[in-house]
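For ligands, and for the atoms within them, numbers begin at 1 and follow the listed sequence. As the structure is a computational prediction, the values presented were derived from the model and not from experiment. When a residue number appears, it is its place in the shown sequence, counting from 1.
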Amino acid sequence: MSLVLYHSPKSSASRRVRLFLEEKGLSYEAHVINLATQEQHSEAYLKINPMGVVPTLVHDGRPLHESSTICEYLDAIQPDPPLLPDAPYDQAMMRNWVRYVDGLITNLIRFNWRHGMAARAAKMSETEFEEMLKSVPSEERKEAWRRAARNPYTDAELDEARENLLAMMDRMEAMIDNGALIGGRYGLADIATAPFVRRIEEEIAPDAFATRPKCRDWWQRLTSRPAYPRADFGPFVE
Ligand SMILES: N[C@@H](CCC(=O)N[C@@H](CS)C(=O)NCC(=O)O)C(=O)O
């Protein structure tokens, strides 16, 4: 079986798939997509990922995008160890949770794009910037570029995003059972959430665990797993 992952080291969605692959013990060929040069918007890459984002998994020549879909697919082709809940209800709850987490990405972007993306866009002339925007497939991401590059998020907007991410951790604190988010067993819900929590503890709200002991224990367990260092959740801000 040939697995090729097109990814970016610091991307949350890429980290999710890397952690899932490591937990499954699947080896894969990794290709870094250079977000700095907008390689994700190149004609060649858009052929395998019409959304113009990372990651993309290519399995035996067939491309697949959307990180949670990729993880479920990997679970289907490699059932051991199981990383999806057994019970249909828990599976449904897991999908709703991952959908909720994915819906929070714009809050993460408010923090993440202040770093590399804003600096890159600042070097572009207005004409270059507008030209670059034409290659961005989604309106949401065009707007994220405009904000990061030309109209930085205000402190109030950053506070609002931080609150939304901490609300996710409040929900986690109430959900965690036997050290896992869904069904009392570690799996996709935990793996999908981990990259978000990594950014929260690193920069967005480093004291988030102080008032959320179950989340702290959950994070300690997750980061102690052998797969975690192999998935490389290294610092976002260097
Ligand atoms: N829902 C998508 C989100 C993918 C996504 O937003 N990837 C980001 C990195 S985490 C990206 O490629 N950003 C570059 C861009 O938007 O141009 C997934 O889970 O695969």
So F111 and F236, do their side chains get closer than 4.5 Å, heavy atoms only? no

Just verifying a value: how many Å separate T56 OG1 and H7 NE2, rounded to the nearest 0.5 Å? 11.5 Å

For ligand 1, what is the set of protein residues having any non-hydrogen atom at a distance below 4.0 Å? S11, S12, A13, Q40, H41, V53, V54, P55, E66, S67, W113, R141

Given the ring of Y186, does R225 sit roughly above its face, with NZ or CZ under 6.0 Å from the centre of the six-membered ring and within 45° of the axis? yes

Only residue of D102, L181, L188 satisfying side-chain contact (heavy atoms from CB on, under 4.5 Å) with W97 is L181

Quick one: are I33 and Y45 in side-chain contact, heavy atoms under 4.5 Å? yes

Students often mix this up, so state it plainly: with edges at 30° and 60°, are the rings of H31 and Y6 parallel, tilted or perpendicular? parallel

